[in-house]
Amino acid sequence: MIDLKALRDDPDTARASQVARGADPALVDQLLAADERRRSLLSAFEQQRAEQKELSRSIGKAAPSEREAVLGRAKQLAEQVKDAEAQADAAAEELDRLLWAMPNIIVDGVPAGGEEDFVELRQVGTPRDLAAEGIEVQDHLAIAEGLRAIDTERGAKVGGSRFYFLTGIGSLLEMALLQWTLNRLVDEGFTPMTTPTLVRPEIMAGTGFLGAHADEVYRLAADDLYLVGTSEVALAGYHSNEILDLTDGPVRYAGFSACYRREAGSHGKDVRGIIRTHQFHKVEMFVYAPIEEAEAEHERMLAFEEASLTALGLPYRVIDVAAGDLGSSAARKYDCEAWLPSQQRWLELTSTSNCTTFQARRLGIRERTADGRTRPAATLNGTGVTTRWLVALLENHQQADGSVVVPEPLRPYLGGRELLEVVR
RNA sequence: GGAGACGUCGCAUAGUCAGGUCUAGUGCGCAUCCCUGCUAAGGAUGUGAGCCCGCAAGGGCUCCGUGGGUUCAAAUCCCACCGUCUCCGCCA
């Protein structure tokens with residue numbers, strides 16, 4: 001959630017943020033009114049409560065003759081206090097409801113508008129001219145079937161549509177990607193983590209995934225648990241309700257987990273292959289940082305993602321996602337999209353978000369500053385690598401005979417193999 | 001799955017049976033200061049979080065795993081839930 005005091009001091013920034021997101025700026029004024037109301041009712045309650053405590057304490061030492069009279073007054077006061085508390089609670093609840101409905105305030109410079117209004121920051125690498133190389137372009141599934149790397153038919157038999165098996169070299173290639181990325185993140189000072197994939201409601205809500213996109217999340221009703229769509233959820237919950245020491249710099253985690261997404265509302269979209277699936281694997285970067293260092297950490301994660309794509313020989317572009325397409329927690333988001341030869345379009349491979357102190361407030365994540373005070377920390381997340389990268393890898397490195405060249409960095413993880421050959 | 005024990009202000013503990021200066025005691029740790037030529041030892045003071053009022057000084061409220069309830073009054077009594085530990089059973 002956002003900082004109420006900051007909102008009180010500077011409501012215009014919040015209104016402008018709402019407008020940029022295409023959201024309702026009136027929410028800001030509703031918040032201000034609810035805040036005002038809550039504070040006045042809280043003060044009234046606290047004053048009465050203090051009075052009641054005073055009186056109640058006096059009963060123990062009251063003379064027997066006065067006892068009855070004091071007790072009578074105390075009972076009366078107790079009724080009033082109960083009433084005042086109920087009013088204060090109701091006002092707090094209303095404020096809370098509004099507060100949880102308010103998305104994060106965007107970072108200055110984020111493009112306004114919706115999904116189509118992103119700003120392309122740069123393109124790196126040049127897509128191969130496959131036609132000029134005499135290659136009849138195959139899509140990732142066709143290539144993978146030649147390599148016996150992916151089996152979507154049996155995936156559907158076992159799990160339904162949007163499920164798949166990675167088989168043989170497909171499975172090995174995924175493992176190679178995951179491990180290569182994890183190792184490099186360890187070198188960068190990230191602590192590797194294998195995380196829970198089922199989480200409690202308050203953790204899922206705290207990360208902001210139960211807002212507008214709640215129907216994307218699997219819920220196990222019998223146990224009241226949610227399946228995570230990314231280990232960001234578990235890693236954000238990891239330090240919930242804790243006070244961290246960030247005086248030596250940000251705390252960085254590299255989480256590995258399976259990820260589950262319902263893909264509700266995407267019927268007929270990306271139905272072929274493994275571009276959009278209900279389950280995949282991901283290495284996720286997650287950082288807890290002092291707010292002053294958040295933007296620098298964000299750039300660092302983006303740089304890591306770009307280095308990965310470059311090392312794998314994947315042409316990509318970086319976009320600064322527009323305000324309306326950010327999701328409730330993010331204040332800024334950069335996506336990296338790799339070139340997809342079979343569709344002649346860009347495909348999102350990474351996404352890194354600066355959530356400033358928004359998630360931290362919901363989850364009770366604070367830091368103790370050098371002067372001994374506490375304040376909410378900033379949280380950031382970014383994609384390390386995902387199963388989807390196989391799609392870009394197979395397509396961009398395909399050869400005329402259906403084989404696929406293994407990018408140099410992955411070879412050590414595949415026993416030195418340089419080429420994945422078609423299985424006859 | 002069965003049986004039992006237990007969740008207290010960084011850590012460790014007292015308090016819970018018999019509700020009322022518990023406005024949560026004590027030890028350790030930590031911080032500042034004092035004393036000692038240095039060291040060791042000692043002493044004093046302070047030391048949880050959140051919120052509200054206030055320019056400030058200061059004052060007030062909430063929190064003893066979480067949420068309800070009983071009561072004038074709840075760490076303490078009642079109920080539910082969550083978690084931890086021990087033993088048994090089962091199991092990758």
Side-chain angles (χ1 to χ4, degrees), chain A residues 1-9 31-100 194-206 219-226 233-234 237-248 251 257-258 288 291 357-377:
Chain A
M1 65 187 76
I2 56 156
D3 181 357
L4 246 192
K5 281 177 189 157
L7 185 82
R8 237 183 271 156
D9 293 343
L31 271 166
L32 290 172
D35 175 45
E36 188 64 44
R37 184 174 152 73
R38 171 189 155 257
R39 282 186 293 146
S40 88
L41 287 171
L42 183 63
S43 284
F45 156 69
E46 287 186 348
Q47 197 192 325
Q48 289 185 44
R49 178 77 169 139
E51 213 176 305
Q52 187 207 9
K53 281 174 71 172
E54 176 72 33
L55 188 63
S56 187
R57 262 192 300 263
S58 75
I59 289 175
K61 35 190 171 177
S65 57
E66 298 169 3
R67 220 187 176 90
E68 272 312 304
V70 178
L71 206 61
R73 261 191 294 146
K75 282 184 182 176
Q76 202 181 8
L77 197 53
E79 280 303 308
Q80 287 178 31
V81 169
K82 209 173 177 180
D83 193 55
E85 184 172 25
Q87 283 189 46
D89 283 353
E93 237 169 78
E94 171 64 8
L95 175 64
D96 215 46
R97 193 184 64 74
L98 292 168
L99 214 43
W100 278 68
T194 307
T195 67
T197 49
L198 285 167
V199 300
R200 301 154 164 290
E202 64 267 27
I203 299 294
M204 189 56 90
R219 172 160 183 266
L220 304 194
D223 301 284
D224 199 18
L225 290 169
Y226 291 91
V233 178
Y238 189 68
H239 286 305
S240 60
N241 294 313
E242 292 184 20
I243 299 172
L244 305 174
D245 182 358
L246 301 177
T247 50
D248 292 332
V251 174
S257 80
Y288 295 88
I291 185 67
T357 57
F358 185 88
Q359 262 183 353
R361 278 174 209 283
R362 294 180 169 213
L363 290 167
I365 301 160
R366 290 165 291 169
E367 61 164 323
R368 189 171 307 280
T369 57
D371 63 0
R373 305 169 70 85
T374 63
R375 61 172 188 173

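Here is the naming used below: chain letters follow the sequence lines, and residue numbers restart at 1 for every chain.
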Taking the side chain as C-beta and beyond, is there a heavy-atom pair between [X] and [Y] under 4.5 Å?
X	Y	result
L4(A)	L95(A)	yes
Y226(A)	L220(A)	no
R368(A)	D245(A)	no

Has [X] got a side-chain N or O lying under 4.0 Å from the OP1 or OP2 atom of [N]?
X	N	result
R366(A)	rA49(B)	no
K53(A)	rU62(B)	yes
R368(A)	rA49(B)	yes

Closest to the [X] side chain, choosing from [options]:
X	options	answer
R49(A)	rG50(B), rC72(B), rA74(B)	rA74(B)
R200(A)	rC82(B), rG50(B), rC51(B)	rC82(B)
E46(A)	rC72(B), rC52(B), rA49(B)	rC52(B)
R8(A)	rC72(B), rC52(B), rG83(B)	rC52(B)

Separation between the [atom1] atoms of [N] and [M], rounded to whole Å:
N	M	atom1	answer
rU84(B)	rU21(B)	C1'	35 Å
rC22(B)	rC63(B)	C1'	14 Å
rC64(B)	rA12(B)	C1'	16 Å
rG27(B)	rU8(B)	C1'	15 Å
rU86(B)	rA44(B)	C1'	45 Å
rC81(B)	rG7(B)	C1'	14 Å
rG4(B)	rA80(B)	P	14 Å
rU76(B)	rU16(B)	P	12 Å

In whole angstrom, give the distance that lies between atom [atom1] of [X] and atom [atom2] of [N].
X	N	atom1	atom2	answer
D35(A)	rC52(B)	CG	C1'	11 Å
E202(A)	rG67(B)	CD	P	12 Å
E85(A)	rC52(B)	CD	C1'	14 Å
E51(A)	rA73(B)	CD	P	14 Å
E36(A)	rC52(B)	CD	P	12 Å
N241(A)	rG10(B)	CG	P	14 Å
L4(A)	rG50(B)	CG	C1'	14 Å
Q76(A)	rA73(B)	CD	P	14 Å

Taking any heavy-atom pair under 4.0 Å as a contact, classify [X]: base, sugar-phosphate, or nothing.
X	value
R373(A)	nothing
L42(A)	sugar-phosphate
R73(A)	nothing
Q52(A)	sugar-phosphate

Check ion pair R39(A)-D35(A) (N to O, under 4.0 angstrom):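 Yes, charged N to carboxylate O under 4.0 Å.
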I'd like to know if K82(A) pairs up with E79(A) as an ion pair, taking the criterion as any Lys NZ or Arg NE/NH1/NH2 lying under 4.0 Å from an Asp or Glu carboxylate oxygen.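 No.
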Identify the nucleotide, in any strand shown, that forms a Watson-Crick or G-U wobble pair with [N], with both distances under 3.5 Å; if there is none, say none.
N	value
rU26(B)	rA12(B)
rU66(B)	rA80(B)
rU86(B)	rA3(B)
rA75(B)	none
rG19(B)	none
rA31(B)	rU45(B)
rG54(B)	none
rA40(B)	none

Presence of donor-acceptor pair under 3.5 Å, side chain of S56(A) and base of rG20(B):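 Answer yes: a donor N or O sits under 3.5 Å from an acceptor.
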Select from A50(A) and K82(A) the residue whose nearest nucleotide in RNA chain B is closer to the 5' end of that strand.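 Looking at the nearest nucleotide for each, A50(A) comes out on the 5' side.
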For F45(A) and I243(A), take the nucleotide of RNA chain B holding the closest heavy atom to each; which residue's nucleotide lies nearer the 5' end?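 The residue closer to the strand's 5' end, by nearest nucleotide, is I243(A).
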Hey, is the main chain of E36(A) close enough, under 3.5 Å, to the side chain of R8(A) for a donor-acceptor pair?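 No; judged by distance alone, with no hydrogens or angles, the pair does not exist.
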Polar contact flag, side-chain donor to acceptor under 3.5 angstrom, R373(A)-T369(A):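 No, no side-chain donor-acceptor contact under 3.5 Å.
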Could you tell me whether the side chains of R49(A) and Q52(A) share a donor-acceptor contact shorter than 3.5 Å?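 Looking only at side-chain atoms, Q52(A) and R49(A) do form a donor-acceptor pair, the distance falling under 3.5 Å.
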